[in-house]
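Have a look at the structure below, then the notes.
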Amino acid sequence: MTYPIRPIDESEWPAFSQVLHEAFGWTPHPTQTERYKAETEFDRSLAAFDGAQIAGVTSAYSLTMAVPGGMLSVAGVTAVSVLPSHRRRGVLTSLMRRQLADIRDRGESVAALYASEALIYGRFGYGRASTELRFRIAGARSTFVTDAPRDPSLRLRVAKPADVRGELERLFASVVARRPGRYERKPQTWDILLADEEFDQRGAGSLRTVLAEDDHGVRGYALFRIKSSWDGDGISDGTLKLFELEASDPAAYALLWRNVLDRDLVTTVEAERRPVDDPLIALLADQRRLRARWVDELWVRLVEVDRALSARAYSAPVDVVIEVDDDVCPWNARRWRLTADPSGAECKPVDDEPDVTVPVSALGSAYLGDGTLDERLAAGLLREHTPGTVRRLAVAMSWSPKPWAGLVF
Ligand SMILES: CC(C)(COP(=O)(O)OP(=O)(O)OC[C@H]1O[C@@H](n2cnc3c(N)ncnc32)[C@H](O)[C@@H]1OP(=O)(O)O)[C@@H](O)C(=O)NCCC(=O)NCCS
């Protein structure tokens, strides 16, 4: 059975979002629905119809995302949902194919998403491209290595997030390009991040911020909630839930983490979204106090392999013929010569013998600089024809710092 697909207009938003609520089993407050509506790009919001009923949906945000060496227009795929009554009939498959074609028509070469389940998107050519760590630090105290940076010109300022929103936005904008995967935030994104109604708090208290600054201005901030609690003996057992900690330099970074870890009446610090190379790991004298869980974060799809590979920078010279397998976007399925070095890159169609054959998802995984291509070779997931090629490609495509978006879209 086929389900005709087309973009919605604004009047169809209630029916569109209802599919999402049913698929996720989510009951948002009407205010939350309005916030998501404000973020939605209706011309990029596709619905699959069963007669007059919407059976499945997907949408995309027009993101400007950091990639190795620059910023790129990327489709941020979101709101993927199929009604429980219509699942496993190919609705998602048709939506994905249509969406990838639309993304290509718009001139974007890369799509990215957060997956609700890791099993869904590999079949559509997306590869796991970044990892987030979830920290739990019990008995939190900032016992840092003795040479941790300190800058006496820095001071801390406690403020209500809403009162300092402009300062948070400016600081974030100044660091966004530093790490692949981070993306520029629109005002609506900040509205959601700083939202602080009772239903946003989920029992963890109001959103709080502390800024690090000197006489020249703000150098960092932390955004968090504190769930205060006391045991039966009157001993405090509070949990600080950290949402974001950004800084322009290592000394401000260390000072903010010290403040987060040294809070009175807080015994546990939980940070949901941290990069795999978080400098905190190097700062802590006793790393055993930090328990980290490893979760896949962004999934990336190269919609046009040549344009995507030419649009990023490379850490080392490489000249390689890559044969790409891609049955969802057949225009990618051919041989490409990638010639790149730290000063620039070119990717051209060729008929030469390939050095390596890869599924397009492997290039998506490597795109933001995760550096895991050779692990895929070791796992038997790539076919190397010229020995050493994958190692060279893995080094050229890896990047520091490691990719991380840090905020679900
Ligand atoms: C995930 C979801 C969108 C799939 O929609 P669908 O229309 O049932 O998917 P399709 O029928 O097109 O399935 C295509 C293939 O993906 C597989 N698949 C789909 N969802 C899957 C899942 N959650 N886990 C594992 N495999 C899945 C199907 O089995 C099918 O495999 P096949 O090609 O080997 O037969 C739908 O189940 C849903 O709305 N889930 C709840 C919300 C959600 O998690 N959305 C994703 C947000 S990131």
Side-chain angles (χ1 to χ4, degrees), residues 1-8 12-28 32-33 35-37 39-41 44-51 53-63 65 74-103 110-132 134 181 183 189 192 272-273 295-301 303 325-330 359-361 364-365 368 381 404-409:
M1 209 170 153
T2 58
Y3 300 90
I5 294 173
R6 63 165 173 80
I8 60 160
E12 292 166 308
W13 165 255
F16 180 97
S17 57
Q18 190 57 30
V19 176
L20 207 132
H21 304 165
E22 293 299 339
F24 279 86
W26 180 42
T27 314
Q32 287 172 302
T33 311
R35 286 183 201 143
Y36 286 107
K37 182 178 175 188
E39 273 203 313
T40 300
E41 297 177 37
R44 306 198 71 168
S45 299
L46 297 171
F49 286 84
D50 181 3
Q53 184 187 31
I54 300 183
V57 298
T58 183
S59 187
Y61 297 125
S62 306
L63 300 181
M65 184 176 276
V74 166
V77 171
T78 186
V80 174
S81 305
V82 170
L83 275 184
S85 52
H86 287 67
R87 61 193 283 283
R88 309 302 183 264
R89 298 188 198 169
V91 177
L92 173 67
T93 305
S94 335
L95 282 165
M96 287 279 110
R97 285 180 180 273
R98 164 69 185 265
Q99 187 177 53
L100 288 167
D102 287 0
I103 291 168
V110 173
L113 56 78
Y114 275 85
S116 63
E117 293 185 276
L119 295 181
I120 302 174
Y121 294 99
R123 75 191 72 241
F124 304 116
Y126 286 84
R128 203 171 49 216
S130 65
T131 301
E132 68 180 21
R134 297 186 177 171
Y183 58 92
T189 319
I192 292 175
E272 267 210 359
R273 303 181 291 251
V295 184
D296 56 279
E297 201 213 24
L298 285 182
W299 289 66
V300 166
R301 214 277 178 213
V303 182
D325 289 338
D326 189 349
D327 50 9
V328 177
C329 298
V360 72
S361 58
S365 286
L368 294 176
L381 300 173
W404 174 67
L407 185 63
V408 179
F409 52 80

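In listed order, ligands and their atoms are each counted from 1. Just so it is clear, the structure is predicted and the values come from calculations on it, not from any experiment.
- Side-chain atoms of Ser45 do not come within 3.5 Å of backbone N or O of Ser59 as any donor-acceptor pair.
- A distance-only check finds a donor-acceptor pair linking the side chain of Arg98 to the backbone of Ile5 [under 3.5 Å].
- Every N/O-N/O distance between Ser81 and ligand 1 stays at or above 3.5 Å.
- Remark: ligand 1 and Ile120 share no N or O pair separated by less than 3.5 Å (distance only, no angle test).
- Near Tyr114, with a cut-off below 4.0 Å to any heavy atom, the atoms of ligand 1 are 48 (S).
- Here the shortest heavy-atom pairing between Thr78 and Tyr61 reads CG2-CE1, 3.6 Å.
- For the pair Gly90 and ligand 1, a heavy-atom separation below 4.0 Å is found.
- Closest approach of Ser116 to Phe24, counting heavy atoms only: CB-CE2, 4.2 Å.
- Of all protein heavy atoms, the one closest to atom 41 (C) of ligand 1 is Ala23 O, 3.4 Å.
- Summarising the contacts of atom 26 (N) of ligand 1 with Arg123, His86, Arg97, Glu117, the nearest heavy atom is found in Arg123.
- Numbered from 1 in the order shown, with element, the atoms of ligand 1 that lie under 4.0 Å from a heavy atom of Arg87 read 8 (O).
- Distances below 4.0 Å separate heavy atoms of Ser116 from the following atoms of ligand 1: 43 (C), 44 (O), 45 (N), 46 (C), 47 (C), 48 (S).
- Nearest to atom 21 (C) of ligand 1 by heavy atom, out of Arg89, Met96, Arg88, is Arg88.
- Closest protein heavy atom to atom 39 (O) of ligand 1: Val82 N, 2.8 Å.
- In summary, the side chains of Ser62 and Glu41 do present a donor paired with an acceptor at a separation below 3.5 Å, with no hydrogens or angles considered.
- Protein heavy atom closest to atom 7 (O) of ligand 1, with residue, atom name and distance, is Leu92 N, 3.0 Å.
- Between the side chains of Glu297 and Thr131, no donor-acceptor pair is found at a separation under 3.5 Å.
- For the pair Asp326 (side chain) and Cys329 (backbone), a donor-acceptor distance under 3.5 Å is present.
- Between Tyr3 and Arg89, the side chains place a donor N or O and an acceptor N or O closer than 3.5 Å (distance only, hydrogens not considered).
- Within the 4.0 angstrom cut-off, atom 35 (O) of ligand 1 has no protein heavy-atom neighbours.
- Distance from atom 24 (N) of ligand 1 to its nearest protein heavy atom, with residue and atom name: Leu119 CB, 3.9 Å.
- For atom 45 (N) of ligand 1, the nearest non-hydrogen atom of the protein is Val80 O, 2.8 Å.
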How far apart are the C-alpha atoms of Tyr183 and Trp404, what are their side-chain angles, what is the distance that settles it, and do they pass the ring-ring contact (aromatic ring centres under 6.0 Å, His included) test? CA-CA 10 Å; Tyr183 58 92; Trp404 174 67; over 10 Å; no
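- For atom 14 (C) of ligand 1, the closest heavy atom belonging to the protein is Thr93 OG1, 3.3 Å.
- A pairwise comparison of heavy atoms in Val300 and Ala112 identifies CG2-CB, 4.2 Å as the closest pair.
- Listed by number with element, the atoms of ligand 1 under 4.0 angstrom from any heavy atom of Tyr121 are 46 (C), 47 (C), 48 (S).
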